[in-house]
Amino acid sequence: MVAGDTVLPVGERPRRVADLAAAVRELEARRPRWVWADTRDTYPGLLRAGVRVSRCHDVALTEALLLAREGRFGEPRSARAAHARLHGLPVPDDEPGAPDTLFPPESLGAEQMAEVLAGQLARIEALPEPGRFRLLAAAESAGALIAAEMSHDGMPWREDVHDALLTELLGPRPVHGMRPAKLQALAHEVSAAFGHPVNPDSVQQLVKAFKQAGVSLSSTRSWELKRVEHPAVAPLLAYKELARLFSFHGWTWADQWVRGGRFRPEYVVGGVVSGRWATSGGGALQIPKVMRRVVVADEGHTLVVADAAQLEPRVLAAMAGDVGLARAAGEIDLYSALAQAFGGDRDHAKIAMLSAMYGGTSGDAPKLLAIMRQRFPKAYQFVEDAAKAGEEGRLVRSWLGRTSPPPSSRWKELVSGPEGGRAARDRGRFTRNFVVQATAAEWALAMMAVLRGLLPEGAALVFFQHDEVMVHCGLDQAEEVGAAVASAAAQATRLLFGATPVRIPMEAVAVASYADAK
DNA sequence: AAAATGTGCGCC
DNA sequence: AAAGGGCGCACATTTT
């Protein structure tokens, strides 16, 4: 079934419809998988018309995944581009979609779309693991639906609580272009400590002022400042923290992103090469923890918040098929279960795992990695192989087949030059991490897709951050939603990895305010 | 004047 | 406690 300029139920004649939202609503009763060019262009309008669909195939997202899988990273991914490639025609660049139109005029007709779909399905079938890639495309497409729905529904955001918090920390809202009182006072303190005016936002001025005071700094990063004994340090650190809050999540930000008690960020599905989501506005994935108290459930409602603890090491255990690690990953606290192998020290187990996944080399890492290599050889080898592939300029893939971008042409020059070793190691750390992070991201997508289907009427996913979800629902639904989260996590693990001793538990808590979730 | 780059830090 | 991988964004500064 294709939604384009026309609606085309498979096996039936395409038909033009006057009211597309109504037609989609009617056909949705058959629970089809809607195929459309780009969820971002089509779905927001349907949502505004009060129509939701349960499944879709997003041609653009699937095309991007396939192109990368075929080693053609970065080529235009639109349905039109895919159609042009099929016919050897000039391939148009991707352009921003046409918002506020249900079906953008430049999208393909139904028959052309069917052609593109058939091509994509054939390319998937030709892969060595078509089942996995089908799951990847389905999960990515479900993500697109969820992202649009979350932007539409918004996360509860109490503007009055936000204003009170800002006022408490910064002073009253200043007139445009001015610093809030407490920020201004801290700026004065910094200048006073140096004995002359210094702009605390200027790295240059700060480094110079510290140098004149006999303190040499290579940067003004807070961890470096904390080592310095100087009266300007304390007010400067306080200034930096509050200035960030003011400019990043202050009143101006709220004016732009909060409406009617809802924060509506724009999510970019697959915006990170690893398959994690990004945001193109609103900074939804970087909300400071201090702001969480502003996220409050509506009257008579609650927020069910859940995160997948220790997701990445669990995913590694499942992927690598490492029996020892998988056994530990069957426990609630993976690191405690590993501690015995690392002299009974949970922290050592954690450092070893993180160093293996991120390529850490400092501190105790080498010693602990040697233990890991001995005790969990398959898991160790799995990430080592990924790192080696990166160092040699090869591509790596996630469990379901998301493919890392190739190294840049600059990298290839660099790697044969005098600093080549460093460039190669950097690339190795990237690919080492990619296989784990990307698989964790697709587990999270699969989990959310399942969860979305399990949620009762009236419950809505309102936030997603890498391995954490938030559902806004009625107080009396909290228990059912919590059970749905646990079930979705278990189903996602089985969907990706089949029979495995690895567990990826998600424990949900129902809270009135996000701040109470941890 | 506008675009590009650098810095720093929030989140996972 | 940080490390170490991934981002987005604002502000300052430099380049065009």
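Throughout, a chain's letter reflects where its sequence line sits, starting with A, and its residues are numbered from 1.
The two residues Pro76(A) and Leu67(A) come nearest to each other via the heavy atoms O-CD1, 3.5 Å. Nearest heavy-atom pair across Gly282(A) and His249(A) is O-NE2, 4.0 Å.
Heavy-atom contacts from other residues, nucleotides or ligands closer than 6.0 Å to CD of Glu507(A) number 12 or fewer.
Between chain A and DNA chain B, the heavy-atom contact criterion of under 4.0 Å yields a 5' to 3' nucleotide range of dT7(B) to dC12(B).
For residues 344-359 of chain A, the set of pairs meeting the salt bridge (Lys or Arg N to Asp or Glu O under 4.0 Å) definition, not counting sequence neighbours, comprises Asp333(A)-Arg346(A). Annotation: ring-ring contact (aromatic ring centres under 6.0 Å, His included) contacts involving residues 271-296 of chain A, sequence neighbours excluded, comprise Tyr267(A)-Trp277(A), Trp277(A)-Phe464(A). The list of ring-ring contact (aromatic ring centres under 6.0 Å, His included) pairs with a residue in residues 188-243 of chain A, not counting sequence neighbours, reads Phe194(A)-Phe210(A), Phe194(A)-His230(A), Phe210(A)-His230(A). The list of side chain to side chain donor-acceptor pair (under 3.5 Å) pairs with a residue in residues 280-296 of chain A, not counting sequence neighbours, reads Glu266(A)-Ser280(A).
Using a distance-only test at 3.5 Å, with no hydrogens or angles considered, no donor-acceptor pair links the side chain of Glu331(A) to the main chain of Ser336(A).
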For nucleotides 14-16 of chain C, list the nitrogen or oxygen atoms of the protein found under 3.5 Å from its nitrogen or oxygen atoms, one pair per line.
{"from": "dT14(C)", "atom 1": "OP1", "to": "Gln204(A)", "atom 2": "NE2", "distance (Å)": "3.2"}

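Residues Arg373(A) and Glu384(A) are not paired through a salt bridge, judged by the lack of any N-O separation under 4.0 Å between the basic side chain and the carboxylate.
With a 4.5 Å cut-off on side-chain heavy atoms, Leu186(A) and Pro200(A) do not count as touching. Contact of the Arg132(A) side chain with the Glu442(A) side chain is not registered, since no non-hydrogen atoms from C-beta on lie closer than 4.5 Å.
Among the protein residues, Asn199(A) comes within range of the sugar-phosphate backbone only, with heavy atoms under 4.0 Å from sugar or phosphate atoms but none that close to a base. Heavy atoms of Arg427(A) sit nowhere under 4.0 angstrom from any nucleic acid atom.
Within residues 135-166 of chain A, no residue has a heavy atom under 4.0 Å from DNA chain C. Using a 4.0 Å cutoff on non-hydrogen atoms, no part of residues 371-406 of chain A comes near DNA chain B.
For Trp443(A) and Phe497(A), the gap between ring centers reaches or exceeds 6.0 Å.
Residues satisfying the ring-ring contact (aromatic ring centres under 6.0 Å, His included) test with Trp251(A), not counting sequence neighbours, are none. Annotation: side chain to side chain donor-acceptor pair (under 3.5 Å) contacts of Thr361(A) (sequence neighbours excluded): none. Partners of Thr167(A) under the side chain to side chain donor-acceptor pair (under 3.5 Å) rule, at least two apart in sequence or in another chain, do not exist in this structure.
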Query raised in the report: What does nucleotides 3-10 of chain C look like as a protein-contact string, B for base, S for sugar-phosphate only, - for none, at under 4.0 angstrom between heavy atoms?
Result: BBBBSBBS

